[in-house]
Amino acid sequence: MVAIRSVLAALALMPASALAQNGYSFTDASESMVRYGVSATQAAMSCASVPSLATAETTIVSARLVPAADGVPEHCRVTGLIQPEIRFEVNLPSNWNRRFYMHGNGGFAGETPEFGPRPLYRANALKMGFATAQTNTGHDAVAEPLATFALSYQKRVDYAFRAVHLTAVETKRIVAAYYARAAAYSYWDGCSTGGRQGLISAQRFPEDFDGIVAGAPVLNFVDTVAQSLWNSLVLAETPVPVAKMKLVADAAYARCDAKDGLKDGLIDDPRRCDFDPARDVAQCPAGQDGETCLTPAQSAAIKKIYGGLQVDGKTVHFGQPIGAEATGASPITGGPPESGWNRWLIAPPGGKSLQGGFGESFVRYFLLKSDPALDPAKFDYAKDIAKYADARALLNATNPDLRAFRARGAKLLMYFGWADTALPPVMAIDYYLKAVATNGLATPDFFRLFMVPGMFHCRGGVGTDQFDAMTALINWVENGVAPATIAASQVDKGKVVRTRPLCPYPLVARHSGSGSPDDLATFACKAPE
């Protein structure tokens, strides 16, 4: 039992560790801090006195002064508990820039502050003088892996939105008391679940943050995770070896790479790609299979994944876009390049795909009355999906009405990789267009979406996946400089091999016709033809 629990916990936390956010925040923040800086503020009370800030609902578990080391300045590290089980950490630098920074979670959350790259997020923010905060969202992923915590309705609500909101409120209260002045600006930074957390904060709690970076948000949580289960069942019925994805990728890029006018190893907008695996990839003779062809059943399975979840013959969610079949930098392992379909869609030998693991756990534990014995293979999409109305109300961040957020001058910067295999990227465009329809044509004055060609989930892939959205957001919030472009890089073996501008949707990067296609200076953001 202990061994099984450890495996489940590793599956629950693996995507969380890599995908809480893009990981390249504050690349240019030092220059920004000088240009738009707020004068430094020192503590008005001792770190040892912080426990006195406890309330009936918020317990201060510990407060200790952490000496400066490895470029991270001296700071007071505070851990606490908000009833009933929301754990949080807030770090208070001795020289504070009057900015508050909170970063998001990944997957089904439940991470400790020291898990994976979370200490790096904290350190980067502290180096720039930010007070930083994070939360486990009300449960421990080791004790309650994947969605098993959802047996408790309280923990469902905490995971959905309550924990982030209360942590923001309480840690900003502690920050204000510690320095005897409130934060001048408050920022959120997250991807995947962290993107959903940021987006739902803008919708439900518009006072919490002045600026939000929402990367690849799981905004339509219920349909997305239900489709994840459906994808895994499609590929369980008709397995496609990951080695065959090179056949698919080569054919897809041969057909669609140059559709944007530049053959550069990127599919700029998969919606313009008319690739058909049954037509464009060599088909195996009837009754045969081999490494150099797809069987008709395999072609059909891949087309189902492209098409999206269907119920009673109607498509009900956005499918997987073409282009992620290619081999690119892994956003999960940080190791050798691999197909974007590996792990997320195609299960490792003897295991489950990440989509399958998330989908199965969700349908079992997020029913109003959880059913851990539910057989995911027998899930009836025509009837059973309606049973998750309560989960939809809690988890989905699909409300396009952002008028309260806009009214207080707050800004929202969303990004999404076009080659994301964890979530359907078109979901972001659908939400953005609904936001424009709801909030008016001036929506780009406070909300901009940046689609990233070739990027996998939150980072990795074959495109320029390294960019600093947070500094762009800071400049927008504090100086009114809306991001017309964001400089992005592709790095291979520690060397920058390509730079490109990311453009606010619906604009796209177009090459000038001269100069290196690996140099962002040769591109401009233009309306698509």
Side-chain angles (χ1 to χ4, degrees), residues 7-8 10-19 106-109 145-148 191-193 195-196 216-242 245 248 298 301-311 315-325 330-333 338-366 374-379 381 384-385 388 391 395 416-417 419-428 455-458 460-461:
V7 171
L8 289 172
L11 177 60
L13 285 170
M14 182 167 62
S17 68
L19 305 174
F108 282 116
L146 292 173
T148 56
C191 191
S192 195
T193 287
R196 184 195 66 83
V218 198
L219 58 96
N220 186 336
F221 190 103
V222 173
D223 289 340
T224 298
V225 183
Q227 180 167 274
S228 293
L229 173 61
W230 183 80
N231 287 342
S232 71
L233 295 175
V234 168
L235 292 176
E237 180 181 1
T238 307
V240 180
V242 70
M245 295 317 295
V248 180
Q298 289 170 342
I302 293 169
K303 289 180 70 172
K304 283 185 180 180
I305 303 298
Y306 290 153
L309 171 62
Q310 291 197 345
V311 177
T315 300
V316 298
H317 200 40
F318 305 103
Q320 171 62 46
I322 296 161
E325 313 83 4
S330 171
I332 298 173
T333 67
E338 60 186 24
S339 167
W341 280 49
N342 196 29
R343 301 172 191 271
W344 278 110
L345 287 162
I346 297 178
K352 293 184 184 297
S353 68
L354 290 171
Q355 285 203 10
F358 280 121
E360 288 185 11
S361 194
F362 170 76
V363 298
R364 284 174 172 152
Y365 293 99
F366 265 97
L374 183 150
D375 183 356
K378 297 179 180 178
F379 192 81
Y381 284 88
D384 292 344
I385 198 67
Y388 294 83
L395 294 166
F416 221 116
D420 194 320
T421 43
L423 315 171
V426 179
M427 179 170 61
M455 187 172 79
F456 291 166
H457 187 48
C458 296

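Since we're looking at a predicted model, the values are computed, not measured.
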Keeping [X] on the side-chain end and [Y] on the backbone end, is there a donor-acceptor pair under 3.5 Å?
X    : Y    : result
T315 : G308 : no
S361 : F358 : no
E338 : R343 : no
S353 : I346 : no

Nearest 0.5 Å, what's the [atom1]-[atom2] distance between [X] and [Y]?
X    : Y    : atom1 : atom2 : result
F108 : T148 : CZ    : OG1   : 9.5 Å
R196 : N220 : CZ    : CG    : 11.5 Å
Q320 : I302 : CD    : CD1   : 11.5 Å
L354 : S228 : CG    : OG    : 9.5 Å
I322 : I305 : CD1   : CD1   : 13.0 Å
L233 : Q227 : CG    : CD    : 12.0 Å

Taking atom types as modelled, find out whether Q298 and T238 have a side-chain donor-acceptor pair closer than 3.5 angstrom.
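No, no side-chain donor-acceptor contact under 3.5 Å.
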Just checking, any donor-acceptor pair under 3.5 angstrom between side chains of H317 and T224?
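Yes, T224 and H317 have a side-chain donor paired with an acceptor closer than 3.5 Å.
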Apply side-chain contact (heavy atoms from CB on, under 4.5 Å) to D384 and L374, showing your working.
CA-CA 11 Å; D384 292 344; L374 183 150; 5.8 Å; no
According to side chain to side chain contact (heavy atoms under 4.5 Å, CB included), who are the partners of V426, at least two apart in sequence or on a separate chain?
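Side chain to side chain contact (heavy atoms under 4.5 Å, CB included) list for V426, sorted by chain: R271, F318, W418.
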Write down the atom of [X], the atom of [Y], and the distance for their closest heavy-atom approach.
X    : Y    : value
M245 : W341 : CE-CD2, 3.6 Å
D420 : A216 : OD2-CB, 3.8 Å
A391 : V222 : C-CG2, 3.8 Å
G417 : P425 : O-CG, 3.2 Å
L146 : G357 : CD1-O, 4.0 Å

Assess the residue pair S232 and Q355 against the criterion (side chain to side chain donor-acceptor pair (under 3.5 Å)); give the C-alpha distance rounded to whole Å, side-chain angles, the decisive distance to 0.1 Å, and a yes or no.
CA-CA 7 Å; S232 71; Q355 285 203 10; over 6 Å; no
Are L309 and Y381 close enough, and set up right, to give a side-chain contact (heavy atoms from CB on, under 4.5 Å), and what steps lead you there?
CA-CA 9 Å; L309 171 62; Y381 284 88; 3.8 Å; yes
For F362, what residues pass the ring pair (Phe, Tyr, Trp, His ring centres under 6.0 Å) criterion, not counting sequence neighbours?
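Result, ring pair (Phe, Tyr, Trp, His ring centres under 6.0 Å) vs F362: F221, F366, Y388.
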One pair to check against side-chain contact (heavy atoms from CB on, under 4.5 Å): V363 and L229. What are the steps and the verdict?
CA-CA 9 Å; V363 298; L229 173 61; 3.9 Å; yes
Between V316 and Q310, is a side-chain contact (heavy atoms from CB on, under 4.5 Å) present by the stated rule, with each step listed?
CA-CA 6 Å; V316 298; Q310 291 197 345; over 6 Å; no
